[in-house]
Amino acid sequence: MTEIDLSRPVRVRFAPSPTGDMHIGGGRTALFNWLFARRYGGKFILRIEDTDDKRFKENARQGIIDGLQWLGLQWDEGPDIGGPYAPYVQSERLPLYQKWANWLVENGKAYRAYETAEEIEIISATRRSKGLPPGYDRRARNLTPADWARLDAEGRPFVIRFKMPDGETTFDDLVRGPITAQNDKLQDQVLLKSDGFPTYHLAHIVDDHVMEITHVIRAEEWINSTWLHKQIYDAFGWQMPQVAHVPVILKIDGKGKMSKRDEGASISYFSEGGYLPEAVTNYLCNVGWNYGKTDEKSEEIQVFTKDQAAEIFDVTRVTTSGTKFDLVKLGWLNGVYIRAIAPLELAQKLRPYLEKAGLQVNIDTLLRIVPLVQERLKTLKEIVEVAGFFFEDDVPTPKAEDLIPKKMDAASTREALSRAASTLSALPTFEHAAMEAALRPLAETLAIKPGQLFGAIRAAVTGRAVSPPLFETIEIIGKAPTLARIERAVDSLKVV
RNA sequence: GUCCCUAUCGUCUAGAGGCCUAGGACGUGGCCCUUUCAAGGCUGAAACUCGGGUUCGAAUCCCGAUAGGGGCACCA
C-alpha cells in the first residue's frame, strides 16, 4: 500500500463548486480533509471553484460556508478569512489560469481547437457509433499557427485542449493503490474555454500547485479524471499531490448515488431537522472510515468526537466500496449525543424548535421538562411531539375509545377518573411521589391495575396514549389544569 | 457502447493465508425492568456473490463470471 508522503508541510483543501445547498457527501469529503489536516498538524483550506459562469452561484457560497461551520470544520485559509495565497475564489484568479494555459500551448503540450459545440456533438456521436468512447477526436492537433491566424481573422472562437501523450498513465491512490489507464482512452480535454474561463481540470491543478497543496482527498467520481491530471502535472513539470478517492454515498433504498432530491442529501436537512453536528460528523466518520479494531470496547469504537478521530485518522484506512446512508443509525447516534448534553444546554437547543412550532415557551417549565424527555428524543425537533402539549393551554379530551383503558368500560372509567380527581384534589402537595403513593391504593380499591388507572389519567390530562412519566408530567402541568382536564373527561363519558 | 472502481449479516463495518465455529454497531426477535413510550440489562436469528486456480491451509492471493457503483461536457 502506498505510503503517505509527509515530506512537505501538510496542506489540504476542500474545493466545492457553489451550486447550491451543501451536499452530505461534500460534508464527508470536507470532514476527511479536516481530519487529515488535524492529524498531521497541517492546514485545511477552503477554495471556491466557480469557473462556470453559466451556473447559478450567488447565495450558494454562503450555503457552503454555513454547512462547514455548522459541522464545526473551521478552515485555516479561505475566501472570507484570506490567507497567504488569496484570493481563494477561482473566478478572481482568471489571469493565472490563462497564463498557464498559454504556457502549455507555447511548449507544445496543448493546442487551440476551433470546433463549435454542435460540431463536437457530431464527432462524439460518430465515435460512439464506432464503439469508441464519445468525445473529441483530436483533429485540431494538426493545425499550424498559420491556421490559427486565419481562423482568428475569421473571428472564430477557440478553446485550448490538452495534448494527451501516447502510452499509459498510472497514479497511486492512497486508498486504492496504483490505478492505470491507456492514454488512447483518455480525452484531449478542454483546459481553457472559449470565454477565457478555465475548466476544473486546469484551474484546480494550477491552484493546488500554487497553493502548495500536498494531498487531495476527494470523491470517487474523480478517479477517471486523475490520469489526465497526472499528465497535466507532468506537462508542467510540477509535483502532483498525493490523491485519495473516498467512496460515494449511495441512497439507503433504491439505486444510485444520493442526489439533491433525496431525504438527508443536504447538510441543511440535518441542521434544520434537529440533528446535532457532533452526531452527524460522528456518523460521517463511521461511513467510509472506522476507528480501528472493533472487537473490544464496542461503544467507544462507534461513538467518538471528531477531535478524537483526528488523533488517529488514517486516510489509507478509508473503505473502498460505496456506502449507503442510514438515517436510522444516525438517529440512534443523535440520541446518544442528546442524552449526553447538560440539561440547561439541551433546553436552550430545544427552545427554538418549540417556538418554530408556534408554542409559547416558558424556559423554567422547559427546564423541568428536559429531564423527563432527554432520553426519549432522537432529534431535537421531536420535542414538539414529545412535549409540545406542556405548552398548549387547550388539550382536547380524547374520544371515549382512546380514554377507556383495556378491559374497562365507560362507567368504570368514569368512576376511576372521578375518584382519581378527588384523590389528587385532596393531596396537601401536588408532588409526583405523593400522587403515586395515593393513586396506587386507589387502583387497588377499584380492583383495577395501576396501569389501567394511570392510562386513563394520562389520556385525560395529556390527550395522548404516550407521554413522559405520568406523575412528573402532571406535576409540571399543575393542579388546576390537571383536575380540570380530568373533570372534563369524566363529563365526556357521561354523555355516552 | 466504452473505460475505471468495488464486492463480508438488512445497513455500516472488523478481518492484511492458519488466531474465523467470521467479531462489533444500528436495525430486528425473545426475556427482564416498567404506569405508556423511551432508556438500560440479558439473550437469539442474521453474511464471506459464484466458479476456477495457487497453497499443507484462503473471507483473505490470482484469473474469470456475475452484480453494484462511477466516468466518458467549453459541469465541477
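We name chains A, B, ... by the order of the sequence lines, and we start the count at 1 in each one. Note that the coordinates shown come from a computational prediction; the quantities given were computed from them, not determined experimentally.
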Could you tell me if Tyr114(A) and Asp152(A) have a donor-acceptor pair between their side chains, going purely by distance under 3.5 Å?
yes
Who pairs with rA16(B) - Watson-Crick or G-U, where each distance is under 3.5 Å
none
Please report, rounded to the nearest Å, how far the C1' atom of rC3(B) is from the CD atom of Glu168(A).
14 Å
Pairwise C1' distance for rC56(B) and rC48(B), with rounding to whole Å:
22 Å
Base partner of rC50(B), which must satisfy Watson-Crick or wobble distances under 3.5 Å
rG64(B)
Heavy atoms under 4.0 Å, any strand shown: does Pro157(A) hit a base, just sugar-phosphate, or nothing?
nothing
Between Glu475(A) and Arg368(A), is there a salt bridge with N-O shorter than 4.0 Å?
yes
How many Å lie between CZ on Arg176(A) and C1' on rG71(B), as a whole number?
13 Å
Is there a Watson-Crick or G-U wobble partner for rC72(B) with both distances under 3.5 Å, and if so, which one is it?
rG1(B)
Assess, by modelled atom type and distance only, whether the side chains of His215(A) and Arg13(A) contain a donor and an acceptor separated by less than 3.5 Å.
no
List the atom pairs, with distances to 0.1 Å, where a side-chain N or O of residues 437-457 of chain A and a protein N or O form a donor-acceptor pair under 3.5 Å, not counting sequence neighbours.
| residue | atom | partner | partner atom | Å |
| --- | --- | --- | --- | --- |
| Arg440(A) | NE | Glu436(A) | OE2 | 2.9 |
| Arg440(A) | NH2 | Glu436(A) | OE2 | 2.8 |
| Thr445(A) | OG1 | Pro441(A) | O | 2.9 |
| Gln452(A) | OE1 | Lys449(A) | N | 2.8 |
| Gln452(A) | NE2 | Lys406(A) | O | 2.8 |

Heavy atoms under 4.0 Å, any strand shown: does Leu470(A) hit a base, just sugar-phosphate, or nothing?
base
Between CZ of Arg13(A) and P of rA76(B) the distance, given in whole Å, is 14 Å
Judged by each residue's nearest nucleotide on RNA chain B, which is more toward the 5′ side, His201(A) or Glu436(A)?
Glu436(A)
Rounded to whole angstrom, note down the C1' distance from rU8(B) over to rC4(B).
23 Å
Atom CG in Leu424(A), atom CZ in Arg419(A): separation rounded to 0.5 Å?
12.5 Å
Separation between the C1' atoms of rG17(B) and rA22(B), rounded to whole Å
15 Å
Opposite nucleotide pairing with rU21(B), Watson-Crick or G-U, both atom distances under 3.5 Å:
none
Pair Thr180(A), Thr170(A): side-chain N/O donor-acceptor within cut-off below 3.5 Å
yes
Where the side chain of Pro469(A) is defined as all heavy atoms beyond and including C-beta, which of rU36(B), rC26(B), rC5(B) is the nearest nucleotide?
rU36(B)
Between rA76(B) atom C1' and His23(A) atom NE2, what is the distance in whole Å?
14 Å
Using a cut-off of strictly less than 4.0 Å, decide whether Thr51(A) has a side-chain nitrogen or oxygen near OP1 or OP2 of rC75(B).
no
Side chain of Lys378(A), heavy atoms from C-beta onward: which of rG15(B), rU13(B), rA39(B) has the nearest atom to it?
rA39(B)
Val466(A) side chain, from C-beta outward: closest of rG1(B), rU36(B), rG15(B):
rU36(B)
Complementary nucleotide for rA39(B) - Watson-Crick or wobble, under 3.5 Å:
none
Between P on rG70(B) and CZ on Arg218(A), what's the gap in Å once rounded to a whole number?
17 Å
Would you classify Gln187(A) as touching base, sugar-phosphate or nothing, given that sugar-phosphate means primed atoms plus P, OP1 and OP2, and contacts are heavy atoms under 4.0 Å?
sugar-phosphate
Enumerate the protein-to-nucleotides 7-12 of chain B contacts in which both atoms are nitrogen or oxygen and the separation is below 3.5 Å.
| residue | atom | partner | partner atom | Å |
| --- | --- | --- | --- | --- |
| rC12(B) | OP1 | Lys324(A) | N | 3.0 |
| rC12(B) | O2' | Asn286(A) | O | 2.6 |

Answer with base, sugar-phosphate or nothing: what part of the nucleic acid does Glu118(A) contact at a heavy-atom distance below 4.0 Å?
nothing
Mind checking Lys449(A) for me? I need base, sugar-phosphate or nothing, with any heavy atom below 4.0 Å counting as a touch.
nothing
Among side-chain atoms of Tyr97(A) and Asp207(A), is any donor-acceptor pair under 3.5 angstrom?
yes
Below 4.0 angstrom from OP1 or OP2 of rG70(B), is there any side-chain N or O of Asn224(A)?
no
Charged N to carboxylate O below 4.0 Å: is that the case for Asp208(A) and Arg47(A)?
yes
Can you find a donor-acceptor N/O pair under 3.5 angstrom joining the side chain of Arg376(A) to the base of rC37(B)?
yes
At under 4.0 Å, does any side-chain N or O of Arg161(A) touch on OP1 or OP2 of rC74(B)?
yes
Using atom P in both nucleotides, what's the gap between rG44(B) and rU6(B) to the nearest angstrom?
37 Å
For rU2(B) versus rA59(B), give the span between their P atoms, rounded off to a whole number of Å.
34 Å
Carboxylate-amine/guanidinium contact Glu278(A) Lys306(A), below 4.0 Å
no
Starting at the 5' end of RNA chain B, which residue's closest nucleotide do you reach first, Phe471(A) or Thr199(A)?
Phe471(A)
Complement of rU28(B), any strand, by Watson-Crick or G-U distances under 3.5 angstrom:
rG44(B)
Mate of rC33(B) where both pairing distances stay under 3.5 Å, Watson-Crick or G-U:
none
Scan Val159(A) against the nucleic acid and name what it touches under 4.0 Å (heavy atoms): base, sugar-phosphate only, or nothing.
base
Could you give the distance separating rG69(B) and rC32(B) at their C1' atoms, to the nearest angstrom?
45 Å
Close side-chain approach of Leu143(A) to Tyr111(A), heavy-atom, < 4.5 Å
no
Rounding to an integer number of Å, can you tell me how far Asp402(A) CG sits from rC37(B) P?
15 Å
To the side chain of Ile179(A), which of rU35(B), rC5(B), rG71(B) is closest?
rC5(B)
Once you round it to whole Å, what is the distance between P of rC72(B) and NZ of Lys185(A)?
17 Å
Picking from rG40(B), rC4(B), rC72(B), the nucleotide nearest the side-chain atoms of Pro134(A) would be rC72(B)
Look at the side chain of Ser17(A) against the base of rC75(B) and say whether a donor-acceptor pair falls under 3.5 Å; ignore hydrogens and angles.
no
Separation of Glu221(A) atom CD from rA73(B) atom P, in whole Å?
15 Å
Over all strands shown, is Trp227(A) touching base, sugar-phosphate only, or nothing at heavy-atom distances under 4.0 angstrom?
sugar-phosphate
With a non-hydrogen cut-off below 4.0 angstrom, is Pro198(A) in contact with a base, only sugar-phosphate, or nothing?
sugar-phosphate
Is a side-chain donor-acceptor pair under 3.5 Å present for Gln231(A) with Thr169(A)?
yes
Do any side-chain nitrogens or oxygens of Arg440(A) fall under 4.0 Å of OP1 or OP2 in rU35(B)?
yes
Could you work out the separation of rC26(B) and rG40(B) based on their P atoms and round it to a whole Å?
8 Å
Look at the side-chain N and O atoms of Lys251(A) and state whether any lies under 4.0 Å from the OP1 or OP2 oxygen of rG69(B).
no
Could you tell me how far rC20(B) sits from rG24(B) if I compare only their P atoms? Round to whole Å.
12 Å
I'd like to check Thr226(A) versus Ile179(A) (side-chain heavy atoms, cut-off strictly below 4.5 Å). Are they in contact?
no
